Amino acid sequence: MDSFGTRLHRAVTERGPLCVGIDPHPGLLARWGLDDDIRGLDRFARTVTEALGDRVAVIKPQSAFFERFGSKGMAILESTIRQLRAAGSLVLLDVKRGDIGSTVAAYASAYLDPSSPVHVDAVTASPYLGVGALAPMFELAAEHGGGVFVLALTSNPEGAAVQRARTADGRTVAQLVIDEISQLNAGAKPLGSIGLVVGATIGDTGHDLSAVNGPLLAPGLGAQGATAADLRVVFGSALPAVLPSYSREVLGAGPDPDALRAAADRALTDCRAALGAR
Ligand SMILES: O=c1ccn([C@@H]2O[C@H](COP(=O)(O)O)[C@@H](O)[C@H]2O)c(=O)[nH]1
């Protein structure tokens, strides 16, 4: 199996640099004329999958919106993952896991072992128990062609107090995360398999992303206020590695599948223009 970095590079080359989230917010279910229950969740996830699974490079289900319905929600998440992968999009499960290493090993087998019912192409992970504690995820990802996106500079305003705090050597916590992930990706071609999450909302923070050599997931576009034009300010010379991510901005166009596709196409056109030809 090719590495996640290779598979992502291929998907972006073929389909364009875009990630669309599946975030079935109660408000969106209502706007779509669906009840906030298991049937509404199923219809919402199925509609997005059928509309976008064969055209968007990466689809990012937000686990929380499935988890809130318990085991029935998880069953829908499992079938959504299967349908998305069958349609050819890479599935990035936004689940932000992180713990002591021995527990991270269990999260790794849950999401990155091909024999698991919730096996996905990549997951999001939190580094606040130490980047090193995520090693079992990095190892299983490498073994099975999976990817991990580690939070570095998140899109929400509350993140800055923790992420931009200074460590003993004067670097910010975020720069320490960035540097550790850069080491893990060193020498990988065309792209490493360990990505970072850097919000499109954060402006020019002066962090150095030039050595990451891995994908940079950029949430915060659309509903949180960032525009594709902001990507240039946030990422500078690291722009070619950016994977822009939209959820509500695209999902709000539903439930008509043509309208969903048109919204995703608009987002992709904006991102292509901002990132340069890709
Ligand atoms: O820094 C981060 C990390 C993750 N997210 C997630 O992305 C989507 C954003 O949804 P929008 O509707 O496009 O605002 C959501 O699932 C977040 O949990 C993020 O926003 N910022």
Side-chain angles (χ1 to χ4, degrees), residues 17-32 41 44-45 48-49 52 56-69 73 77 80-81 84 90-98 111 120 122-128 134 147-164 172-174 177-178 181 194-203 205 207 209 212 214-228 230-231 234-235 238 242-254 260 263-264 266-268 270-271 274:
L18 183 66
C19 170
V20 174
I22 304 184
D23 294 48
H25 287 263
L28 276 174
L29 293 172
R31 261 175 75 179
W32 282 34
L41 176 75
F44 188 96
V48 180
T49 299
L52 303 182
V56 172
V58 181
I59 305 264
K60 183 175 78 65
Q62 171 51 261
S63 185
F65 291 108
F66 296 82
E67 288 174 36
R68 77 191 182 94
F69 291 102
L77 177 61
T80 302
I81 291 167
L84 286 169
L90 296 177
V91 180
L92 163 57
L93 184 63
D94 198 344
V95 71
K96 298 187 184 68
R97 293 296 193 245
Y111 302 114
V120 285
V123 286
T124 53
S126 168
Y128 300 120
L134 297 175
V148 181
F149 285 81
V150 180
L151 302 179
L153 289 155
T154 58
S155 64
N156 58 320
E158 302 86 354
V162 173
Q163 295 151 14
R164 299 188 210 178
T172 64
V173 170
V177 172
I178 294 165
I181 299 305
I194 313 298
L196 290 171
V197 179
V198 178
T201 47
I202 64 172
T205 61
H207 285 83
L209 294 163
V212 177
L216 301 169
L217 181 74
L221 293 155
Q224 291 178 53
T227 65
D230 292 321
L231 296 172
V234 175
F235 293 97
V242 173
L243 179 63
S245 183
Y246 295 80
S247 297
R248 285 167 287 179
E249 173 81 6
V250 170
L251 302 171
L260 279 169
R266 271 195 306 277
L268 180 58
D270 289 352
C271 292

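Being a predicted model, the structure only gives us computed values, none of them experimental. Here, residue 1 is the first one in the sequence, and each next residue gets the next number. Every number for a ligand or one of its atoms is a count from 1 in the order of the listing.
In this structure, the side chains of I22 and F65 stay at 4.5 Å or more apart for every pair of heavy atoms. Here the side chains of L92 and L90 are not in contact, with every heavy-atom distance at 4.5 Å or above. In this structure the side chain of V198 never reaches within 4.5 angstrom of the side chain of I178, judged on heavy atoms. Counting only heavy atoms from C-beta outward, the side chains of C19 and V56 never approach each other to under 4.5 Å.
One option in A218, P219, S126, A152 has a heavy atom closer to atom 2 (C) of ligand 1 than any other, and that option is P219.
A donor-acceptor pair under 3.5 Å is formed between the side chain of D230 and the backbone N or O of T227. Not a single donor-acceptor pair under 3.5 Å links the side chain of W32 to the backbone N or O of P24. A donor-acceptor pair under 3.5 Å links the side-chain atoms of T124 to the main chain of V95, judged by distance alone.
The atoms of ligand 1 that sit less than 4.0 Å from any heavy atom of D23 are 8 (C), 15 (C), 16 (O). Taking a cut-off of under 4.0 Å to the non-hydrogen atoms of L221, the atoms of ligand 1 that pass are 13 (O). Counting the atoms of ligand 1 from 1 in the order shown, those under 4.0 Å from a heavy atom of V197 are 1 (O), 3 (C). Per-residue contacts place T154 under 4.0 angstrom from the following atoms of ligand 1 (heavy atoms of the residue considered): 1 (O).
Proximity of Q62 to ligand 1, defined as any heavy-atom pair under 4.0 Å, is confined to the side chain (atoms from C-beta onward).
Nearest non-hydrogen protein atom to atom 12 (O) of ligand 1 is R248 NE, 2.6 Å. Scanning all protein heavy atoms for the shortest distance to atom 1 (O) of ligand 1 gives S155 N, 2.8 Å. Among protein heavy atoms, atom 4 (C) of ligand 1 sits closest to K96 NZ, 3.3 Å. At the shortest separation from atom 8 (C) of ligand 1 among protein heavy atoms lies K60 NZ, 3.5 Å. Scanning the protein for heavy atoms near atom 20 (O) of ligand 1, the closest one is Q224 NE2, 2.8 Å. Annotation: atom 13 (O) of ligand 1 to nearest protein heavy atom, S247 N, 3.0 Å. From the protein, the heavy atom lying nearest to atom 6 (C) of ligand 1 is D94 OD2, 3.4 Å.
No side-chain N or O of T201 forms a donor-acceptor pair with one of Q224 less than 3.5 Å apart.
For R68, the side chain to side chain donor-acceptor pair (under 3.5 Å) criterion is met by D36, not counting sequence neighbours.
Contact analysis leaves E249 out of contact with ligand 1, as no non-hydrogen atom separation drops below 4.0 angstrom.
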